Amino acid sequence: MAKAKTIYTCLECGATFLQWSGQCRDCHAWNSLEEGIEEPKPAAPTGNNQRRSGYSGTEAQVCQLGEVHAEVETRISTGISELDRVLGDGLVTGSVVLIGGDPGIGKSTLLLQALASMSEQENLNPLYVTGEESPQQVSLRAQRLNVNVDNLKLLTETQVERIIHTAQRFKPRVLVIDSIQTIYTDILQSAPGAVAQVRESTAQLVRFAKQYQITIFLVGHVTKEGALAGPRVLEHMVDTVLYFEGDSSSRYRVIRAIKNRFGAVNELGVFAMTEQGLREINNPSAIFLSRHEQQVSGSVIMVTREGSRPLLVEMQALVDASHMPNPRRVTLGLDQNRLSMLLAVLHRHGDVITYDQDVFVNVVGGVRVSETGADLAVLLAILSSLRNQPIPQDLVVFGEVGLAGEIRPVTNGAERLHEAAKHGFKQAIVAKQNAPKTPIEGLEVIPVVRLVDALRAL
Ligand code: TYD
Ligand code: MG
């Protein structure tokens, strides 16, 4: 391959240079030049039409969508049903999946388990490319996981051209790159892990996957700020993005799809880290409850719905007198702006003052709740902590709180209530529209229309 020309593009003004410098010579911004490769120049337009109409460019082909025949996508099972679930029922051939997460959370473990299982399926011939560990280390991990890796091919290599070349010969149908931050391309001079390196290597791998219909897993490390190290751009280039959630000190690991061209997003896969690697948890609905011995204030159970499953989670709040001019509003596992909004609603429509209080809200177990159905639970947890009054342990709540102080219904209300009843909850406070038409055995449902009704019901 002819060596591509390296150019440096200013991220501020878009000017390009042949040499790197600390300051852009055009807009004088500092440290804004990024290494890249020169794109081929588009062919010059020909024909009279464009000249007459004043537009440049040649005509493109338009097709009738009804006449396009798409092949039914074939899916490969990874052998791990929780992973298949987040992928949307298995791996689509030719797709590129990015798995992100903090170092040490279990990315390599999960992929080794999946590859071991896939190596036992016929014709998949998976290839594990590692740029981080030696064959001995991988072998030791496989022993520890107690998986059969006799048929699994391993390649320790970090140059993307060599990886692709080798893969062309070995013809795997599934390829794992662990991790993309260690891979570099010969075209660029910057060090592995630099944004340009990661982006260009990924681009080459994506092209390779599409051309040869090979499924590729890319492992990406996440920085402290929670973004995939350097390149958020990677998320746009791949078909599916999965993130490991949960803190590494807890036993549970949650994988969430945040982008999926072939399935639902926000689907969760739940695992527990054990001595023998990651164990699937097929019925995770109640694992995140802390089950206090006695009633405590500031804790409320809600039923959320992540992907296609209801999940019982515990919302904890701590409200404490503040000594700061700007009292703190801290959330873990929830949107912080939403908390400020809810506190304003609580003040206006519930007459509860918190402007002299620090408010901390946490979702137990390191899960993230992104739906607005958590609003009511957050408010009741805050109120319970503020007044130091425990909320009954057999009560669940869910519902969105509007700015006018109304309680709005959530989707799949009946399913959530049934899940709560199944786990022995006796009472539920929900929006009126979520109250079931036929009573649920053992569960008393208290329908509310406005926030004051909910406060009164307590
Ligand atoms: P790893 O898969 O190496 O993390 P990543 O690739 O995301 O950086 O996970 C390593 C962690 O998992 C390590 O802290 C030890 C733990 N672990 C177990 O608890 N049990 C096991 O069987 C294995 C293989 C790892
Ligand atoms: Mg690893």
Side-chain angles (χ1 to χ4, degrees), residues 36-37 70 73-78 80 83-103 105-108 110-111 114-115 118 124 126-132 158 160-161 163-164 167 172-185 187-188 192-223 225-245 254-269 307:
I37 47 173
E73 67 212 14
T74 43
R75 293 196 182 245
I76 305 168
S77 167
T78 60
I80 299 178
L83 183 58
D84 284 348
R85 162 194 285 280
V86 266
L87 289 167
D89 214 15
L91 273 176
V92 174
T93 40
S95 67
V96 181
V97 181
L98 177 67
I99 297 196
D102 296 325
I105 194 113
K107 302 179 292 295
S108 307
L110 178 70
L111 288 177
L115 281 192
M118 282 192 274
L124 286 187
L127 176 64
Y128 185 51
V129 182
T130 173
E132 297 193 341
T158 49
V160 68
E161 286 84 6
I163 292 171
I164 291 178
R173 284 192 54 208
V174 180
L175 181 71
V176 167
I177 307 281
D178 189 1
S179 67
I180 190 65
Q181 273 103 358
T182 56
I183 306 295
Y184 72 98
T185 160
I187 302 174
L188 299 174
V195 179
Q197 283 287 7
V198 172
R199 192 162 51 191
E200 183 52 32
S201 305
T202 306
Q204 288 196 32
L205 287 165
V206 170
R207 271 198 302 273
F208 177 61
K210 304 290 161 192
Q211 195 178 352
Y212 290 85
Q213 288 294 301
I214 291 174
T215 308
I216 300 187
F217 276 109
L218 300 176
V219 172
H221 293 297
V222 166
T223 57
E225 297 81 50
L228 277 169
R232 261 235 117 99
V233 280
L234 280 194
E235 292 183 359
H236 306 291
M237 297 164 69
V238 300
D239 300 303
T240 304
V241 181
L242 308 182
Y243 267 108
F244 261 99
E245 282 176 10
V254 176
I255 300 186
R256 187 193 295 270
I258 59 159
K259 164 182 170 177
N260 196 348
R261 288 195 181 136
F262 309 107
V265 285
N266 281 342
E267 190 70 74
L268 288 190

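We use all heavy atoms of the structure for the numbers below, so side chains are in, but hydrogens, waters and symmetry mates are not. Fair warning: this is a prediction, and the values are worked out from it, not measured in the lab.
- Counting heavy atoms from C-beta on, the side chains of Glu161 and Gln204 come closer than 4.5 Å.
- Summarising the geometry, atom CG belonging to Leu111 is positioned 7.0 Å from atom CG belonging to Asp178; distances are rounded to the nearest 0.5 Å.
- Separation of atoms CD1 (Ile255) and CD1 (Ile99) is listed at 6.0 Å; rounding is to 0.5 Å.
- Partners of Thr158 by side chain to side chain donor-acceptor pair (under 3.5 Å), not counting sequence neighbours: none found.
- Looking only at side-chain heavy atoms (C-beta outward), Gln197 and Thr185 come within less than 4.5 Å of each other.
- Side-chain atoms of Leu110 and Phe244, non-hydrogen and from C-beta on, do get closer than 4.5 Å to each other.
- The nearest pair of heavy atoms linking Leu87 to Arg75 is O-NH1, 3.5 Å.
- The side-chain heavy atoms of Glu267 and Asn260, taken from C-beta on, include no pair separated by under 4.5 Å.
- For the pair Val222/Tyr243, a side-chain contact is recorded, criterion being any heavy-atom separation below 4.5 Å from C-beta on.
- Residues Leu205 and Ile164 form a side-chain contact, since some pair of their non-hydrogen atoms from C-beta on lies under 4.5 Å apart.
- Side-chain N/O atoms of Asp84 and Thr78 include a donor and acceptor closer than 3.5 Å.
- Side chain of Lys107 to backbone of Gly101: a donor-acceptor contact under 3.5 angstrom is found.
- Considering only residues two or more places apart in sequence or on other chains, Lys210 meets the side chain to side chain donor-acceptor pair (under 3.5 Å) condition with Asp239.
- Pro192 has its side chain out of reach of Thr182: every pair of non-hydrogen atoms, C-beta onward, lies at least 4.5 Å apart.
- A 4.5 Å side-chain heavy-atom check between Leu83 and Leu242 finds at least one atom pair inside the cut-off.
- Heavy atoms only, all atoms of each residue included: Arg261 and His236 are closest at NH2-O, 3.5 Å.
- Between Arg199 and Met237, the closest heavy-atom pair is O-CE, 3.3 Å.
- Between Thr93 and Thr215, the shortest heavy-atom contact is CA-OG1, 3.3 Å.
- In this structure, the side chain of Glu200 does not engage the main chain of Leu188 through any donor-acceptor pair within 3.5 Å.
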